[in-house]
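The structure displayed is predicted, hence computed values, not measured ones. Protein chains get the first letters and strands the later ones, always in sequence-line order, with residue 1 at the start of each.
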Amino acid sequence: MADLWQVTLVSPPYAAWTYERPSHFPDLAPGQRVIIPLGNSHRAGVVIGPADEAPEGVEIKPMIWPLERTPLMSAEYVDMVVNLAARQMVSVGRILEIALPRGLRTAAVTFKVDNHMAARRLPATVRPSDIVRFGDKDRQALMELWEAGRMRVRVSARKEAEERFVSLVSDPPWAVRPNAKRQLSLLEHLLENGPRSLYALKYGLGDWVDGVAAKLETAGIVHMGELTADAMEEVDGGGHIEGVLDDITLTDEQVAAVAEMTATMESGGGAHLVHGVTGSGKTVLYLEMARKSLNAGRSAMLLAPEVALASQLYRTVARRFPEVRTIFYHGYQSPKKRELAFRELARADTPVLVVGTRSSLFLPVPDLGLVVLDEEHDESYKQEERLAYHAKEVAWFRTDRSGGLLLLGSATPDVKTFHAASAGRIATSELKERVGDAILPEVELVDIAAMKDPDKPLAPRAVEAVKAAIKAGEQVIVMLNRRGYAPVMYCLDCTETVRCPECEVGMTYHKGRERVVCHYCGLSYAYPLRCRKCGGSNFIPMGQGTERLAESLQEQLPEGTKVLRLDRDAVRRQERLEEILGAFRRKEAQVLVGTQMISKGHHFPDVTLVVVADGDLGLNLPDYRSSERTFQLLVQVAGRAGRGQVPGRVLIQTRNPDHPLWREVLGGDYAGFYQREISRRTMFKYPPFSRMALVRISFPAQFENGPAVLSLLGDALREQGRKEGVDVLGPAPAPLSMLRGRKRFNCLIKSDDWSKVRAVFACMAAVNPDPRQVRTSLDLDPLSTL
DNA sequence: AGCACGCCGACT
DNA sequence: GTCGGCGTGCTC
């Protein structure tokens, strides 16, 4: 009787198939990685569990070799992955592909065999294809060496070479021939998307990347190797979060919060919201709770929405707990580093601390007593590309299973979180005061309805306030949530604007890069360019972006004032973010202009003034979350002001001073905002009073059956929706209607129950006549419902 | 993701 | 004539 097991492929086609355990194999357990034959190749797979019976009509093949002697993943880990896969309606292999570092997903390995004591002569290096060819005796002898720990696994050199990251060394313009199309397209790609592994670049652009990248490396224009983000951990200037170590005495509010959180922790865990105003010292609470978890012999994980914030948190944690093994982890680390972290945690037998971003939640951390999501409302916790999952959901699942505490911290909680808290389903602690002498800033509105001059985007009153702050030796942050120089380029000859041919949206002028760029798909053209309609080249930039705002401020402010800019363009080169933040923190500049990036968690004690150049941006988007998003952004950016001794002041420019949101932002009145928002959501049955999901459908642009299949799938969705009693809207072209040669469409589903959403999706997927061409995916609770 | 199969252009 | 380009299809 053959010993059959379910094995999941961690690469396409991601299937969970049946394989036989050969008699010479050691015992198997869920989570064990094995090399399996697939067609004529060898692949890595993960054992999910025993298979009850063989599928009909297929020949069951035997496994080739184990990839580790004791599984890196436990049965509980596999259980988490299986569960998450079921919720997201994707195969288990898709989740494991996200969860496992690259080196743990490949079967391209070599075994180093220590055979000097062996009775039987075996080669010193063995590859999977050799094992297949071995006779039974040799295989048996090899397995004895394996079980004795005399056989080591090494990822093949070619795979490791592909793991190297390619990153830009210098900003444009680059010293390459203007007609070197491939070199330029690689450079533009790196500029737009940031550092990428050679592997990812080859996948996205083509195999020519190998040669071109090598050439650019020789020319000193790109760097290949470890990502510089890793070096960032050691860079000074970021510093740990100040005040956390120096001010260990807790305030009364903090003491009360610790007591409440401890009660939740000791009653078997669960979620606990820390609703504390900006600057109220939430980090101290996280550290206190981490200490409690460690004292109870349990591991703790502290997560931040972005690498830079996680890195700051890591330094603080490492200083606070020098005696505890602390691991820093994020998705931009080299695969090698991630693999080391994964392996170390899988082997750990004492409690550990993990600090990182959302991808850390897939680490095999032993006995999780605490997970902290700092700034829990932040949308970066939701992964949108590839596979849509929310870190909060994974964190909730893990702490639920382990009986750990899930700590959600924010000054402006997610409306859904706060609703659960108000309903008593989540325990809550409140911090209403800032720590130390700091008080919350004064917020004022500036009416700019009458302003027209694009070279003077700030109202005179705002400019005066900036000048006064600089004169007093203080610092200023100016936020404009739109990067580039100008969002619209207007042709003076024919009144046409520059539009992206793929996305049908306006293209943004980037002066420093000398290009116009589509902010949806990243397509860009060199500027100056000719008008598509009339061939003229007399464009005038209209509207404001951070680049133009920084430029005009530089002109309006007194001689000697230094203005820094912080946005995705400015920090394309990895080390630039820390450079800019460090320079501002060291007061090498008086003004920092930036997008919402500057609103996130940074602590600048000398900033006394925050100006929001366009408060109305994002307020009237056709999305149920737009006012929540705007409120959170404005309160967060206002929170950057007055964190030191001098009280802060916030000016918000608006063309619409009567909007009810302003009163709540001005008063920092989360409760008032929440009341108004929740009654609106009740009225329109928006979440949390309903469940929203997006069905994404895409097919290659040249696939002629695409539209027909699309309408078939749309019909199936509506039909099934009627049966289940859920609303289905669409299909409508997605905001990025064309991406990588595929046409994309969305259907919005609104239901009272996730299970109905899954049922409707499953019925639709089942009638898809050509799943290879027409791909469908389900995004539960999408960030944007467009 | 790999790898085979299969059908068209530029070479010893 | 063949070598080899990459479109398409399949993998327990």
Checklist entry - When you measure from the side chain of A/Arg43, which nucleotide among B/dA1, B/dC3, C/dT11 comes out closest? => result B/dA1

Item to check | Proximal nucleotide (of B/dA4, B/dA1, C/dC12) relative to the A/Thr18 side chain | outcome: C/dC12

Next on the checklist: So A/Glu59, base contact, sugar-phosphate only, or nothing? Heavy-atom distance under 4.0 Å.
Outcome noted: sugar-phosphate

Checklist entry - Which whole-number value in Å describes the distance from A/Leu9 CG to C/dC10 P? => result 17 Å

Checklist entry - What integer distance in Å separates A/Leu38:CG from B/dA1:P? => result 13 Å

Item to check | Nearest-Å distance for atom pair CG/C1', residues A/Asn40 and C/dT11 | outcome: 9 Å

Checklist entry - A/Ile48 CD1 to C/dC12 P: how many Å, rounded? => result 18 Å

Checklist outcome for this item: Rounded to whole Å, CD of A/Glu97 lies from P of B/dA1 at a distance of 7 Å

Checklist entry - Given side chains that start at C-beta, do those of A/Ile35 and A/Met63 come closer than 4.5 Å, heavy atoms only? => result no

Item to check | Integer-rounded Å distance: B/dA1 C1' and A/Arg386 CZ | outcome: 13 Å

Checklist entry - Taking the six-membered ring for Trp, are the ring centroids of A/Tyr389 and A/Phe362 within less than 6.0 Å of each other? => result yes

Checklist outcome for this item: Separation of C/dC10 atom P from A/His42 atom NE2, nearest Å, is 21 Å

Item to check | Distance-only polar pair, side chains of A/Thr357 and A/Glu306, donor-acceptor under 3.5 Å | outcome: no

Checklist entry - Taking the side chain of A/Trp17 as its heavy atoms from C-beta onward, which of B/dC3, C/dC12, B/dA1 lies nearest to it? => result C/dC12

Next on the checklist: Can you identify which nucleotide, out of C/dC10, C/dC12, B/dC3, has its nearest atom closest to the A/Arg772 side chain?
Outcome noted: C/dC10

Checklist entry - Could you give the CZ-to-P distance, from A/Arg127 to B/dG2, as a whole number of Å? => result 14 Å

Checklist entry - So, A/Arg43 versus A/Ser11: side-chain donor-acceptor pair below 3.5 Å or not? => result yes

